[in-house]
Amino acid sequence: MSDTIIEVKNLTFQYEEDQTSPTLDQVTFHVKHGEWLSIIGHNGSGKSTTVRLIDGLLEAQSGQIVIDGQELTEANVWELRSKIGMVFQNPDNQFVGATVEDDVAFGLENQGIPLEEMQSRVQQALELVKMSAFKDREPARLSGGQKQRVAIAGAVAMRPAIIILDEATSMLDPEGRLELIQTIKDIRQRYGMTVISITHDLEEVALSDRVLVMKNGQVESDTSPQALFSRGEELLNLGLDRPFTSVLIQTLKEKGFAIDESYLTEKDLEEKLWASISKR
């Protein structure tokens, strides 16, 4: 089996024929099995368009998309789409069931999954996102974070190989974002899913294995979170703030602390500081 689950080659797309420049211009990248890839960039850089092309919701003018060894075509789009779970920014647009349980079961019913297996998958998915106690609630009566958890449960119940999060945490408060990111991390570890995350959230980016930076419809860079965060003030031009720890590390360096790295997680920075203080 190939190490690559998604391969995008020279992808070009534009919404209107008379656009002065294409929305995507010769975009090329790959995603490995089980990898977490974050895609970042300013609004209009082509992030959401890219994942909608991968999911078959849009059709490219030129280029190639290969999913799990198969080139995406009009003939196999429904088959390949079954390998992908997609969670959008606004979960209200995804709800179709009268209750949480009904909503999570909807996709399984469409696939003709036997009742016993369907019930088991729905229960497992709701337990995983900590929403079992809400299974009889109307989705409309849930909080924003709870709605996103249900949307993720619906995607996970389908057991896709790939889960795509299109700004899925952007409407949540900081606590809700952290909880949802942790949920995705747990799901990835449990099922070995490949995760593609379109985001501006630094905690989300920090958890990923690789970061694809998009700018003006092209891939500006393909890098690690650590290398990205080391770009300092340049991050503002990419639609991101500087991470809190990077700003703190710079301040500490100016105060005489010997820290070589430009970015560390909060936990790693804490350990580094304790080690440094204990030597003084």
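Computed from heavy atoms alone, side chains included, the values below leave out hydrogens, waters and symmetry copies. The shown structure was predicted, so the numbers you read here are calculated from the model rather than taken from an experiment.
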Take V8 and H30 through the test side-chain contact (heavy atoms from CB on, under 4.5 Å) and record every step on the way to the result.
-> CA-CA 6 Å; V8 174; H30 71 281; over 6 Å; no
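- Under the 3.5 Å distance criterion, the side-chain polar atoms of E116 are left unmatched by any main-chain donor or acceptor of Q119.
- Hydrophobic clustering (side-chain heavy atoms under 4.5 Å, transitive across Ile, Leu, Val, Met, Phe, Trp, Tyr) groups L128 together with M131.
- Cluster annotation: I84 and V87 are assigned to distinct hydrophobic clusters (Ile/Leu/Val/Met/Phe/Trp/Tyr, side-chain heavy-atom contacts under 4.5 Å, transitive).
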Anything under 3.5 Å between a donor and an acceptor, one on a side chain of residues 159-166, the other on a protein residue two or more places apart or in another chain? List them.
from : atom 1 : to   : atom 2 : distance (Å)
R159 : NH2    : Q124 : OE1    : 2.7
D166 : OD1    : S48  : OG     : 2.9
D166 : OD2    : S48  : OG     : 3.2
D166 : OD2    : R52  : NH1    : 2.4

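- Minimum heavy-atom separation, T199 to T169: OG1-OG1, 4.3 Å.
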Does the salt bridge (charged side-chain N to carboxylate O under 4.0 Å, His left out) test come out yes or no for K32 and E35, once each step is laid out?
-> CA-CA 5 Å; K32 295 179 181 178; E35 186 174 38; 5.6 Å; no
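- E101 is linked by a side chain to side chain donor-acceptor pair (under 3.5 Å) to nothing, counting only residues two or more places apart in sequence or in another chain.
- Side-chain contact of T99 with D102: a donor-acceptor pair under 3.5 Å is present, judged by distance alone.
- L126 approaches A153 most closely through the heavy-atom pair CD2-CB, 4.2 Å.
- Of all heavy-atom pairs spanning V31 and R210, the tightest one is CA-NH1, 4.2 Å.
- Note: the hydrophobic cluster containing L58 also contains L212 (ILVMFWY, side chain heavy atoms under 4.5 Å, direct or indirect links).
- Here the shortest heavy-atom pairing between L142 and R137 reads CD2-CB, 4.2 Å.
- Legend: residues meeting side chain to side chain donor-acceptor pair (under 3.5 Å) with T4, ordered by chain and number and at least two apart, are absent.
- Donor-acceptor pairing under 3.5 Å is recorded for the side chains of E71 and Q64.
- Here F13 pairs with Y15 under the ring-ring contact (aromatic ring centres under 6.0 Å, His included) rule; sequence neighbours left out.
- Counted within 6.0 Å of CG on N216, heavy atoms from surrounding residues, nucleotides or ligands total 12 or fewer; the atom is thus considered open.
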Between E167 and K47, is a side-chain contact (heavy atoms from CB on, under 4.5 Å) present by the stated rule, with each step listed?
-> CA-CA 10 Å; E167 303 276 14; K47 308 182 302 295; 4.0 Å; yes
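- Ion pairing between D209 and R188 holds under the 4.0 Å rule for side-chain N and carboxylate O.
- Judged purely by atom type and a 3.5 angstrom limit, Q111 has no side-chain atom pairing as donor or acceptor with the backbone of I113.
- Across all non-hydrogen atoms, the minimal contact from A98 to P139 is O-CD, 3.6 Å.
- Heavy atoms from other residues, nucleotides or ligands lying under 6.0 Å from CD of E254 number more than 12.
- Considering every non-hydrogen atom in both S143 and Q146, the closest pair reads N-OE1, 2.9 Å.
- Between the S221 side chain and the T223 main chain, no donor and acceptor come within less than 3.5 Å of each other.
- Look at E109 and R121 and you find no salt bridge, because none of the NZ, NE, NH1 or NH2 atoms lies under 4.0 Å from a carboxylate O.
- Scanning for side chain to side chain donor-acceptor pair (under 3.5 Å) contacts around N90 gives an empty result, with sequence neighbours left out.
- For the residue pair E127 and Q123, a side-chain donor N or O sits within less than 3.5 Å of a side-chain acceptor on the partner.
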Enumerate, atom names and distances included, each donor-acceptor pair closer than 3.5 Å involving a side-chain atom of residues 190-198, sequence neighbours excluded.
from : atom 1 : to   : atom 2 : distance (Å)
T194 : OG1    : G34  : N      : 2.9
S197 : OG     : E204 : OE2    : 2.3

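- Side chain to side chain, T12 and Q26 meet the donor-acceptor criterion of an N or O pair below 3.5 Å.
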